[in-house]
Structure formats: C-alpha cells, structure tokens
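All heavy atoms count here, side chains included; hydrogens, waters and symmetry mates do not.
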Amino acid sequence: MITSALSGCGGDDGDSGSGGGDGKLVLGFSQVGAESGWRTANTKSIQESAASAGVELKFSDAQGKQENQIKAIRNFITQRVDVIAFSPVVESGWDTVLKEAKDANIPVILTDRAVDSQDTSLYKTFIGSDFVLEGKKAGEWLVKDYTGKTDPVNIVELQGTPGAAPANDRKAGFADVIKADPKFKVVASQTGQFTRTDGKQVMETFLKAQPKIDVLYAHNDDMGLGAIEAIEAAGKKPGTDIKIITVDAVKDGMTALSEGKINYIVECSPLLGPQLMDLAKKVKAGETVPQRVLTEETTFTPEQAKAVLAERKY
C-alpha cells in the first residue's frame, strides 16, 4: 500500500507548484516507515483523509532513516508544496532542514512525534499523543495491580527505536511512576525497534538471561506480540506467568488482550488524518492554530477489549 503511494513524491516538478494548479492544497508528507501495524494504519488514515478532503498528497516513506526524511522534505521544498508534514524518525537533527522550509515560507506540521528543536517557530503545530502520559498510564496500572504485595517485581522492557520521541517518553513516564516503590525493578531494557520480529528476538534473550521475569512492558503492541511468541515457545503462559503491558491498541494487540495474553493496553491512536487535513488547511490560510494538538485516547483491560474489538478500525 505504501509503495504505491511513493509515486506522489517523485521529482515531477512541472505540475506540483503551490496550489497544484487546480486550487487544491498540496501537502507533502514524510512518513517514518511501515514498521508496525500502527504505522500502516496511520498512513492509511492520512491517505484516505487527504482524498476525502480534496488535498493533493505527496507521500514519502523514509523507511526508518532520517537521511531519507530530510531528502524528502527538501524535495517538497523544491516542489513548492503548500504545507509540509512529517513524523520524525528521531527527535534531534532537524533544525537545518526546518529552517530551509521556513525560509521558503512553507509551513511545517509535526505529526505523531516531536522534535527537540529549541526554535519552536520552525514548525506551526505538533499533533500527536502525550507519550510521557502513556508511559505513566502503563506504570499506574502496574502499581495498582501489585497493591498490597511486597515481593520483588522483576520487569523487562522492550523499548522503541533509540532516539525516537515515543521510546524516550514512554520509558521516562513509566520509570517516573514505578520509582516510588522499590519492589519494582527493571532488570533488563533493550530496543526492539518497534517491530514484532525484534520484539521476539529480544524477548528470547531476556528469557535466557533472566531467571525470573514477572512483567513485560513493551513500548508498542507489535513488540509485545513478538514477545508473546517467545514466551509461549519457552513453555510459559503470557498474561499469567508473565504479565504484559503494551502501548497502541491496534487490532492484533487488542485481540491478544481479549484472549488474556496481554493484561493492559494504553491506547495511542493512529487515526490522525482528519485532524491533519484540518490543520493543513488552517495554516495554509494563515489562521492561528494551537502549537500542541493532543489526540484523544483511552486504556483497555481484557474485558474492555472484548467489548470493542469488533468495531476497531485498525
């Protein structure tokens, strides 16, 4: 699906000037990649929302590499798109290319992930989740679940892509909540790159290296699902022998939650497309928009997952 969308980001400058030549708003969007079910749903939301909003979308897949994303943004600047939006692979290293967009008078919208630039004038707004809050929600469920118990709780953590905002913030939020109680101890923490394959491989390593694992905290569903495969292969029961907390609430994760293989999921909605199109039109028109737009999200237990699973869109 994503590959077919790449044609919109080629070097065909002739018909891609501001306004698209037919009055349409032209939006250049650089996506992180297709590393998870969440990301695929996010891409679909943006593509479908652009079509229904009458926005000409020029789409680029960075395949998880910052250099590809910077190249795509420069290509959008050359093509004189109306608005640039992107979900940054990592937090750092964007100032130069963002200044180039600003100098070209092309407004930039950050989606899903933030940048650590000190100059907030380099982008108009950031739409996405509060990743620190997501980590805190995961930690709060764990603390509540072990209320009244005094035995040590050994936790392993599957982190997201190193340097990425969700990985940094979900780790920080979780750690901030559990640090108040010394019984909670993160005995191993390693990146699983937000992918199911790496989640499985790293969990296999954890299981061999750690004599006792009580809880797995995975920064997304896909890594958690990979870990479930490793846990089952080791003859253990996910959700019972090892409690599992994940973030995202994609359909595969929610299915595992409804089956009791995951104990708790903190939602991170990928359906940002409609809000992004609305913001793009507003910044193009010169309207003032909030610098931070939060997405509305919730949390799910197994019982809650069963109740909503049939109607999940992703």
Residues K183, T150; criterion side chain to side chain contact (heavy atoms under 4.5 Å, CB included); working and verdict: CA-CA 7 Å; K183 75 170 174 265; T150 56; 5.7 Å; no

Calculate, to the nearest 0.5 Å, the distance between atoms CG and CG belonging to L276 and L27 respectively. 5.5 Å

Could you state the interatomic distance from CZ (R170) to CZ (F131), rounded to the nearest 0.5 Å? 5.5 Å

Sequence neighbours excluded, the answer for side-chain contact (heavy atoms from CB on, under 4.5 Å) partners of S121 is K102, D119

Taking 4.0 angstrom as the limit, do E56 and K24 come out as a salt bridge? no

Please check if W141 and I213 belong to a single hydrophobic cluster, counting links between Ile, Leu, Val, Met, Phe, Trp and Tyr side chain heavy atoms closer than 4.5 Å. no

Compare every heavy atom of D61 with every heavy atom of G33, then report the nearest pair and how far apart it is. CA-OD1, 3.1 Å

Applying salt bridge (Lys or Arg N to Asp or Glu O under 4.0 Å) to K71 and not counting sequence neighbours gives none

In terms of heavy-atom contacts, G253 and I262 come closest through O-CD1, 3.8 Å

Under 3.5 Å, is there a donor-acceptor pair between the S30 and Q69 side chains? yes

So, taking the atom named CG in L257 and the one named CD1 in I245, what distance separates them when rounded to the nearest 0.5 Å? 11.5 Å

Using the test salt bridge (Lys or Arg N to Asp or Glu O under 4.0 Å), find all partners of D252 that sit at least two apart in sequence or belong to another chain. R196

Can you list, pair by pair, the side-chain donor-acceptor contacts under 3.5 Å of residues 230-242, counting residues two or more places apart and other chains?
{"residue": "E232", "atom": "OE2", "partner": "K261", "partner atom": "NZ", "Å": "3.2"}
{"residue": "D241", "atom": "OD2", "partner": "K237", "partner atom": "N", "Å": "2.6"}

side-chain hydrogen bond (donor to acceptor under 3.5 Å, both in side chains) filter on E100, not counting sequence neighbours, yields R74

Can a donor-acceptor pair be found, under 3.5 Å and without considering hydrogens, that links the side chain of R312 to the backbone of A249? yes

Does Q210 reach the main-chain N or O of L207 with its side chain, forming a donor-acceptor pair under 3.5 Å? no

Linked, directly or transitively: F174 and I244 (ILVMFWY side chains, under 4.5 Å): no

Below 3.5 Å, can you tabulate the donor-acceptor pairs from side chains in residues 151-163 to any protein atom, sequence neighbours excluded?
{"residue": "N154", "atom": "ND2", "partner": "K212", "partner atom": "O", "Å": "3.2"}
{"residue": "E157", "atom": "OE1", "partner": "K171", "partner atom": "NZ", "Å": "3.0"}
{"residue": "E157", "atom": "OE1", "partner": "S189", "partner atom": "OG", "Å": "2.7"}
{"residue": "E157", "atom": "OE2", "partner": "H219", "partner atom": "NE2", "Å": "2.9"}
{"residue": "Q159", "atom": "NE2", "partner": "S189", "partner atom": "OG", "Å": "2.6"}

Under 3.5 Å, is there a donor-acceptor pair between the Y264 and T299 side chains? yes

What's the separation between atom CG in N168 and atom CD in E91, rounded to the nearest 0.5 Å? 5.0 Å

Separation of S60 OG from N75 CG (nearest 0.5 Å): 8.0 Å

For V32 and E35, the nearest pair of non-hydrogen atoms, with its separation, is CG1-OE1, 3.9 Å

What pairs with E287 under side-chain contact (heavy atoms from CB on, under 4.5 Å), at least two apart in sequence or on another chain? K282, A285

Partners of F86 by ring pair (Phe, Tyr, Trp, His ring centres under 6.0 Å), sequence neighbours excluded? W94

Under 3.5 Å: donor-acceptor pair, side chain of Q66, backbone of S92: yes

With a cut-off of 6.0 Å (strictly less than), are more than 12 heavy atoms of other residues, nucleotides or ligands near CD of E296? no

Anything under 3.5 Å between a donor and an acceptor, one on a side chain of residues 105-112, the other on a protein residue two or more places apart or in another chain? List them.
{"residue": "D112", "atom": "OD2", "partner": "R39", "partner atom": "NH1", "Å": "3.1"}
{"residue": "D112", "atom": "OD2", "partner": "R39", "partner atom": "NH2", "Å": "2.9"}
{"residue": "D112", "atom": "OD2", "partner": "S87", "partner atom": "OG", "Å": "3.2"}

For D222 and T195, does a side-chain donor sit closer than 3.5 Å to a side-chain acceptor? no

Nearest non-hydrogen partners of A305 and S258, listed with the distance: CB-N, 4.0 Å

Flag, side chain of D130 to backbone of L133, donor-acceptor distance under 3.5 Å: yes

Flag, side chain of W38 to backbone of C268, donor-acceptor distance under 3.5 Å: yes

Would the number of heavy atoms belonging to other residues, nucleotides or ligands and lying under 6.0 Å from NZ of K149 be above 12? yes

In Å, rounded to the nearest 0.5 Å, how long is the span from OG of S117 to CG of D95? 3.5 Å

Report yes or no: does S49 contribute a side-chain atom to a donor-acceptor pair with the main-chain N or O of I46 at less than 3.5 Å? no

Quick one: do K136 and E134 make a salt bridge, cutoff under 4.0 Å? no

Okay, side chain of R113, backbone of A164: is any donor-acceptor separation there less than 3.5 Å? no

In short, Q275 meets V293 closest at the heavy-atom pair NE2-CG1, 3.9 Å

Above 12 or not: heavy atoms from other molecules or residues under 6.0 Å from NZ of K124? no

Of all heavy-atom pairs between I228 and A256, which one has the smallest distance, and what is that distance? CD1-CB, 4.2 Å

Do D169 side-chain atoms and V132 backbone N/O form a donor-acceptor pair below 3.5 Å? no

Would you confirm whether N220, through its side chain, and V247, through its main-chain N or O, come within 3.5 Å as a donor-acceptor pair? no

Whether D198 side chain and Q193 backbone form a donor-acceptor pair below 3.5 Å: no

Between D278 and K281, does any side-chain N to carboxylate O distance fall below 4.0 Å? no

Q31 versus T43, side-chain donor and acceptor atoms under 3.5 Å: yes

Should D214 and K243 count as an ion pair when the cut-off is N to O under 4.0 Å? no

Residues that E297 engages under side-chain hydrogen bond (donor to acceptor under 3.5 Å, both in side chains), provided they are two or more places apart: S129, T295

Which residues satisfy the side-chain contact (heavy atoms from CB on, under 4.5 Å) test with L271, sequence neighbours excluded? S45, S269, K313, Y314

Residues forming a salt bridge (Lys or Arg N to Asp or Glu O under 4.0 Å) with K185, sequence neighbours excluded: none

